[in-house]
Amino acid sequence: MKNLTLIHLAEACRGIFHGTEEQQNRCVTAITTDSRRITEGCLFVAISGARVDGHDFIGQVMEKGALAVVSEKNLGEVDLPYIQVSSSLEAVKDFGEYYLKQLQIPVVGIAGSVGKTSTKEMIYAVLSQKYSALKTEGNFNNELGLPLTIFRLRQEKMAVLEMGIDDFGQMHRMSKVARPDTCVMTNIGCCHLENLKDRDGILRAKSEIFDYMKEDGQIVVNGDDDKLVTLQQVKGIRPIRFGLSSANDVWADQITAHGLKGISCTIHTEKGSFQAEIPASGEHMVYNALAGCAVGLIYGLTLEEIRRGIASYETVNGRFNIIETESCTVVDDCYNANPVSMKASLQALQAAEGRKVAVLGDMGELGADEKALHKEVGVYAAGLDLDLICCVGPLMENLAEGVRETAPELQVRHYSSKEELIKELSGLLKRGDTILVKASHYMEFPELVEMISRLEL
């Protein structure tokens, strides 16, 4: 890690350094909040969480050979140097901001309601054709995960950072850490409505990503989104728009679905057009490819490099990840869910051959309209070519109601819990089925994915 002496870090977070003059000039090789990940030269940041207090593990990390500790408490006489701060979480963000400034590499920040992860993966796949890049992994897209991702940077020449929020002010603070050169906005959908209230609130909260954008930065937005299209200029910068309409700067037509194996299209840009083969299904993947193309053009990639990058895209677990078993095909899309992503996944399921089964769980954080929004998805599902819908959870009763009222002939079942569904699962599914599994993260549906994947039908 570049130029990270203990005294520089203490200054970056406005903390009090406890230790000798010799110790304050020691260089940190890694920063972690996990006592299980202590390595030589590591700085351990003790954070007080809802369930675990990192301060309880300070003695343990000292024994493991940590270089130093960040603590909200005065540790008194200890053998290890430490930095005392008022907030360890704020210190982590300060460290992330400071470290990224030392590296001086381009940062692509990705925000939006739906599709952030798949868009991030696509942009990474494209940029990797020319640059060594680092991307956000797993669920490290929040105020703590963002700096922890930044700490992984070593020799990479670019950072592709996913930025997720559920309340006002969070994106502002994350923007201060990341200070993106390029801001990408995927869409404005109905999610986190408990705090953000409506889509206009969501737009305001997501737009905080621009607060610390570099002065010469670039903005890439979905031009087919009715809210994002209202962003005519931000800080004097005209957004680059992508979409399915030729009114956009980067746009696609001649879209052809190839079952669950992928989708192809022709992408048009001011530099020319090319045929794109996207190895993942669903029209939403065309939007992801367009976003990747727009960012690739910003950073000087040729159309051939962009085409190769799009073709190299790989899905990740929990995001429409297709699992082929001897008995059936399981579509693991259970990392998270909201009405927009639920509709997109159900639409993508149409590309499957044979019986199409949807196993759906509650969508969280939808606020006062949560029942109506579930029912709306049910009405939408009723118009699709599906054979069976299994709804799990109290809110999903509204989705089932929407299906029954709109398409009484469509088989739909409701279960109050996963356990109720599991008892009937083997009798509901048939050999050759394609089964979509989707719900909000708190429903813990990976258990269902694993169970269905093991079934012998």
Side-chain angles (χ1 to χ4, degrees), residues 113-115 118 187 189-191 224 244 255-265 278 280-288 315 318-323 328-363 366 370-393 395-415 421 425 428-440 443 445 448-449 452:
S113 298
V114 181
S118 53
N187 48 50
C190 295
C191 60
D224 291 349
L244 304 186
I255 299 169
T256 305
H258 306 292
L260 289 181
K261 294 182 179 179
I263 190 167
S264 61
C265 64
I278 308 167
S281 63
E283 190 176 86
H284 63 285
M285 288 304 306
V286 175
Y287 282 94
N288 296 341
T315 57
R319 271 85 167 192
F320 217 85
N321 182 39
I322 298 171
I323 304 167
C328 62
T329 299
V330 184
V331 182
D332 173 13
D333 199 23
C334 62
Y335 178 76
N336 221 335
N338 59 49
V340 175
S341 67
M342 188 77 81
K343 290 177 183 178
S345 295
L346 288 167
Q347 177 61 46
L349 182 61
Q350 304 304 287
E353 296 179 358
R355 284 207 335 152
K356 303 170 186 66
V357 179
V359 178
L360 310 176
D362 285 354
M363 300 177 286
L366 295 181
E370 59 183 5
K371 292 182 179 179
L373 289 168
H374 277 77
K375 186 171 184 178
E376 176 190 307
V377 176
V379 172
Y380 177 83
L384 301 176
D385 178 23
L386 300 173
D387 295 281
L388 170 64
I389 302 176
C390 296
C391 301
V392 182
L395 289 172
M396 271 292 148
E397 190 168 1
N398 300 282
L399 190 146
E401 182 182 342
V403 173
R404 293 188 184 111
E405 290 180 0
T406 311
E409 71 283 0
L410 177 54
Q411 188 179 7
V412 60
R413 294 171 178 265
H414 176 259
Y415 302 89
L421 169 64
L425 204 51
L428 293 171
L429 303 178
K430 297 180 180 180
R431 191 173 185 84
D433 284 355
T434 297
I435 305 128
L436 168 69
V437 185
K438 187 167 183 65
S440 280
M443 293 294 288
F445 267 30
L448 282 177
V449 171
I452 295 170

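- Summarising the geometry, atom CG belonging to Leu373 is positioned 10.0 Å from atom CG belonging to Asn398; distances are rounded to the nearest 0.5 Å.
- Remark: the backbone N or O of Gly393 is not paired with any side-chain donor or acceptor of Glu397 at under 3.5 angstrom.
- The shortest distance between side-chain heavy atoms of Arg413 and Leu428 falls below 4.5 Å.
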message: Would Val412 and His414 count as a side chain to side chain contact (heavy atoms under 4.5 Å, CB included) here? Give the steps.
response: CA-CA 7 Å; Val412 60; His414 176 259; over 6 Å; no

task: Report the C-alpha separation of Asp332 and Phe445 in whole Å, then their side-chain angles, then the decisive distance to 0.1 Å, and conclude whether the side chain to side chain contact (heavy atoms under 4.5 Å, CB included) test is met.
output: CA-CA 9 Å; Asp332 173 13; Phe445 267 30; over 6 Å; no

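- Between Ala257 and Ile263, the closest heavy-atom pair is CA-CG1, 4.0 Å.
- Asn187 and Tyr287 form no side-chain donor-acceptor contact under 3.5 Å, judged by distance and modelled atom types alone.
- Of the possible polar contacts, one joining the Ser440 side chain to the Ala337 backbone as a donor-acceptor pair under 3.5 Å is found.
- Here the closest heavy-atom approach between residue Ser118 and residue Gly115 is recorded as OG-O, 3.3 Å.
- Of all heavy-atom pairs between Gly361 and Met396, the closest is O-CE, 2.9 Å.
- Between the Asp387 side chain and the Val357 main chain, no donor and acceptor come within less than 3.5 Å of each other.
- Within the model, atoms SG of Cys265 and CG of Leu244 stand 8.5 Å from one another, a figure rounded to the nearest 0.5 Å.
- The CG atom of Leu384 sits 4.5 Å away from atom CD of Gln350, with the distance rounded to the nearest 0.5 Å.
- Under the 3.5 Å distance criterion, the side-chain polar atoms of Asp433 are left unmatched by any main-chain donor or acceptor of Ile435.
- The closest donor-acceptor contact from the side chain of Ser345 to the backbone of Met342 lies at 3.5 Å or more, if one exists at all.
- When all heavy atoms are compared, the tightest approach of Cys391 to Leu399 is SG-CD2, 3.7 Å.
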message: Let's go through Ser341 and Lys438 carefully: what are the C-alpha distance in whole Å and the side-chain angles of both, what is the deciding distance for side chain to side chain contact (heavy atoms under 4.5 Å, CB included) to 0.1 Å, and is it a yes or a no?
response: CA-CA 9 Å; Ser341 67; Lys438 187 167 183 65; 3.4 Å; yes

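- Partners of Ala280 according to the side chain to side chain contact (heavy atoms under 4.5 Å, CB included) rule, which considers only residues two or more places apart in sequence or in another chain, are Met285, Tyr313, Thr315.
- Evaluation of the ring-ring contact (aromatic ring centres under 6.0 Å, His included) test over residues 333-363, restricted to residues two or more places apart or in two chains, returns Tyr335-His441.
- Of all heavy-atom pairs spanning Ser281 and Gly259, the tightest one is CB-O, 3.4 Å.
- Taken to the nearest 0.5 Å, the CD1 atom of Ile452 stands 7.0 Å off from the CG atom of Leu421.
- Interatomic distance, Leu349 CG to Leu436 CG, rounded to the nearest 0.5 Å: 5.5 Å.
- A donor-acceptor pair under 3.5 Å is formed between the side chain of His374 and the backbone N or O of Met363.
- In this structure, Ile389 and Leu386 approach most closely via the heavy-atom pair CD1-CD1, 3.8 Å.
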Atom pairs and distances, side-chain donor-acceptor, residues 375-382, under 3.5 Å, sequence neighbours left out:
unit_1: Lys375; atom_1: NZ; unit_2: Glu401; atom_2: OE2; d: 3.4
unit_1: Lys375; atom_1: NZ; unit_2: Glu405; atom_2: OE1; d: 3.1
unit_1: Lys375; atom_1: NZ; unit_2: Glu405; atom_2: OE2; d: 3.4
unit_1: Glu376; atom_1: OE2; unit_2: Lys343; atom_2: NZ; d: 2.6
unit_1: Tyr380; atom_1: OH; unit_2: Gln347; atom_2: OE1; d: 3.2

query: Between Met443 and Cys334, is a side chain to side chain contact (heavy atoms under 4.5 Å, CB included) present by the stated rule, with each step listed?
result: CA-CA 9 Å; Met443 293 294 288; Cys334 62; over 6 Å; no

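- Remark: Arg319 CZ to Asn321 CG distance equals 10.5 Å, nearest 0.5 Å.
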